[in-house]
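Keep in mind that this is a model prediction, so the values were computed, not measured.
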Amino acid sequence: MRRSRHLGKIRKRLEDVKSQWVRPARADFSDNESARLATDALLDGGPEAYWRVLSQEGEVDFLSSVEAQYIQAQAWERPCPPDTLGGAETGPKGLDSSSLQSGTYFPVASEGSELALLHSWASAEKPYLKEKSSATVYFQTDKHNNIRDLVRRCITRTSQVLVILMDVFTDVEIFCDILEAANKRGVFVCVLLDQGGVKLFQEMCDKVQISDSHLKNISIRSVEGEVYCAKSGKKFAGQIREKFIISDWRFVLSGSYSFTWLCGHVHRNILSKFTGQAVEPFDEEFRHLYASSKPVMGLKSPRLVAPVPTAAAPANGRLSSSSGSASDRTSSNPFSGLSAGSHPLPESKQNKTKTKTTLWFLVAF
């Protein structure tokens, strides 16, 4: 097959960076139209069409074999809305559909544009804004702060609301921690799972004989990544690679850790804890993803519940795996003197540590 003399954007840059005589060019972050056309061709006609477009455009093979297989395996067809085919809202700088050679390269917005308000507090009442801003990083190699144990302590310490965004969830012990928090302590739990991980989660539930009847205070929902839509109407959705936990709207645990046995024992991971203003972007991201999520198991439709009093913040945040004092066990810090097997205080003692501040939570019942 005769190769065009035209050089695609990536091929041109490759030749420039390999040549010692070409001066560095200004960084170009614009979209690659040749890559867009080739991706559309892969969706519509498979590998042969993909290679044909690459040859015509003089572009390099920019997809790995895994990426190409993923695109073909995830492809599905449904007419794209008129305003997503390169229209003013999705195209660059307001370009209309006639100015784009292919379907929209830009991800299609998820269904449900309004944020799901899991709470309705005023800005000044946001719990995380009352905490001192901090960031702490943990690595898998730190045997004194095992990442899996930190995650489990976080779940055990949560007293009101626990929200989780996860790609894969198959760790039965962590699942037991969540079931105990919801069923024994009345914690509302909302788990957003990547759509690709739903099957594995349901497989775990089947193996341990967990059904909707055991998820009375838990909402399991699925969510996808961005959606690529070709001009032909064929689409494929990306994955959720974000992973984080928000405990009582006061702090966040985020990192590479997935809820699997392998991540807990052999894979190397990183985990970061954020408090204060750093929690707000996670709060907003979760509500945005919740708005586009779909119910899988547990609670389905939302309703507004009564105000929930917030627990008093701890005076200090020591990181320890040993048991602490009674006052430590009622604090919002999951790392201050709590073992994974600790039990909550009686309700009469817990009420003494509650403040007058109240929050309204919109939970899925």
message: Any non-hydrogen side-chain atom of Tyr128 less than 4.5 Å from a side-chain atom of Val252?
response: no

field: 4.5 Å side-chain heavy-atom contact, Ile220 and Val198
entry: no

message: So which atom in Gln72 and which in Gly46 form the shortest heavy-atom distance, rounded to 0.1 Å?
response: OE1-CA, 4.2 Å

field: Transitive ILVMFWY side-chain link Leu193 to Leu262, under 4.5 Å
entry: no

- prompt: Considering all heavy atoms of both residues, which atom of Ala237 and which atom of Val227 are nearest to each other, and what is their separation?
  reply: CB-CG2, 4.1 Å

message: Would you compute the distance between atom CZ of Arg148 and atom CD1 of Ile174 and round it to the nearest 0.5 angstrom?
response: 5.5 Å

- prompt: Measuring from Met204:CE to Asp171:CG, what's the distance to the nearest 0.5 Å?
  reply: 8.0 Å

message: Between Tyr228 and Leu43, is there a side-chain heavy-atom distance shorter than 4.5 Å?
response: yes

Donor-acceptor under 3.5 Å (Ser19 side chain, Glu15 main chain): no

field: Set of side-chain hydrogen bond (donor to acceptor under 3.5 Å, both in side chains) partners for Ser213, sequence neighbours left out
entry: Ser211

message: For Thr275 and Glu131, which I'm curious about, is there any donor-acceptor pair between the side chains at under 3.5 Å?
response: no

- prompt: Tell me, which pairs form a ring-ring contact (aromatic ring centres under 6.0 Å, His included) where one or both residues lie in residues 189-214, sequence neighbours left out?
  reply: Phe169-Phe201, Phe175-Phe201

message: Could you measure the distance from the CG atom of Leu42 to the NZ atom of Lys234? Nearest 0.5 Å is fine.
response: 9.5 Å

query: Can you name the side-chain contact (heavy atoms from CB on, under 4.5 Å) partners of Asn269, sequence neighbours left out?
result: Gln140, Ile147, Ser256, Tyr257, Cys263, His267

Over all atoms of both residues, closest heavy-atom pair of Phe286 and Cys190: CZ-SG, 3.8 Å

task: Quick one: name the residues clustered hydrophobically with Val168, using the 4.5 Å side-chain heavy-atom rule over I, L, V, M, F, W, Y, and just say none if it's on its own.
output: Leu200

message: Please check this pair: side chain of Ser55 against backbone of Trp51, looking for a donor-acceptor N/O pair closer than 3.5 Å.
response: no

field: Any donor-acceptor pair under 3.5 Å from Asn145 side chain to Leu150 backbone
entry: no

field: With Ser64 via side-chain hydrogen bond (donor to acceptor under 3.5 Å, both in side chains) - residues at least two apart
entry: Glu67

query: For Lys231 and Asp40, which heavy atoms make the closest approach, and how far apart are they?
result: N-OD2, 3.9 Å

field: pair Leu63-Tyr50: side-chain heavy atoms closer than 4.5 Å
entry: yes

- line: Nearest heavy-atom contact between Asn217 and Val187 is ND2-O, 2.7 Å

query: Can you name the side-chain hydrogen bond (donor to acceptor under 3.5 Å, both in side chains) partners of Asn183, sequence neighbours left out?
result: none

- prompt: Do Leu165 and Val223 come close enough that some side-chain heavy atom pair is under 4.5 Å?
  reply: yes

task: Kindly give the heavy-atom pair with the smallest separation between Leu7 and Arg11, and that separation in Å.
output: CD2-CD, 3.5 Å

message: Any non-hydrogen side-chain atom of Asp248 less than 4.5 Å from a side-chain atom of Pro127?
response: no

message: Nearest 0.5 Å, please: how far is CZ in Arg157 from CZ in Arg250?
response: 11.5 Å

task: Keeping the roles fixed (side chain from Ser254, backbone from Lys243), state whether a donor-acceptor pair exists under 3.5 Å.
output: yes

message: Which residues pass the side-chain hydrogen bond (donor to acceptor under 3.5 Å, both in side chains) test with Arg241, not counting sequence neighbours?
response: Gln239

query: Is there any ring-ring contact (aromatic ring centres under 6.0 Å, His included) pair reaching into residues 9-47, and which pairs are they, with sequence neighbours excluded?
result: none

- prompt: For Phe139, what are the other residues in its hydrophobic cluster, where any two members join if their side-chain heavy atoms are less than 4.5 angstrom apart?
  reply: Val137, Ile270

statement: Distance col, row Asn146:CG vs His265:NE2, nearest 0.5 angstrom, shows 8.0 Å

- prompt: Should Glu59 and Leu37 be marked as a side-chain contact (heavy atoms from CB on, under 4.5 Å) after you check the CA-CA gap, both sets of side-chain angles, and the distance that decides it?
  reply: CA-CA 11 Å; Glu59 190 56 280; Leu37 291 170; over 6 Å; no

- request: Only pairs at least two apart or in different chains count here, so list each side chain to side chain donor-acceptor pair (under 3.5 Å) that has a residue in residues 189-210.
  value: Gln195-Ser222

- request: Report the C-alpha separation of Asp283 and Val163 in whole Å, then their side-chain angles, then the decisive distance to 0.1 Å, and conclude whether the side-chain contact (heavy atoms from CB on, under 4.5 Å) test is met.
  value: CA-CA 9 Å; Asp283 173 16; Val163 297; over 6 Å; no

message: Let's go through Val172 and Trp261 carefully: what are the C-alpha distance in whole Å and the side-chain angles of both, what is the deciding distance for side-chain contact (heavy atoms from CB on, under 4.5 Å) to 0.1 Å, and is it a yes or a no?
response: CA-CA 8 Å; Val172 179; Trp261 185 93; over 6 Å; no

message: For the OG atom of Ser293 and the CD atom of Glu224, what is their distance to the nearest 0.5 Å?
response: 11.0 Å

message: Applying ring-ring contact (aromatic ring centres under 6.0 Å, His included), can you list everything that pairs with Phe282, at least two apart in sequence or on another chain?
response: Phe244, Phe274

query: Any donor and acceptor pair, going by atom type alone, linking the side chain of Arg185 with main-chain N or O of Thr158 inside 3.5 Å?
result: yes

field: Fellow cluster residues of Val17, listed by chain then number, with links counted only when side-chain atoms sit under 4.5 Å apart
entry: none

- prompt: Hey, are Glu33 and Arg36 close enough for a salt bridge, meaning a charged N less than 4.0 Å from a carboxylate O?
  reply: yes

query: So do the side chains of Val279 and Leu129 get within less than 4.5 Å of each other, counting heavy atoms only?
result: no

query: Would you call Ile10 and Asn32 a side-chain contact if the rule is heavy atoms closer than 4.5 Å?
result: yes

- request: Tell me, please, whether Phe251 has Lys273 positioned over its six-membered ring: NZ or CZ under 6.0 Å from the ring centre and within 45 degrees of its axis?
  value: yes

query: Does the pair Asp28/Lys9 count as a salt bridge with the N-to-O cut at 4.0 Å?
result: yes

task: List the steps, then state whether side-chain contact (heavy atoms from CB on, under 4.5 Å) holds for Met297 with Cys205.
output: CA-CA 10 Å; Met297 295 179 67; Cys205 291; 4.1 Å; yes

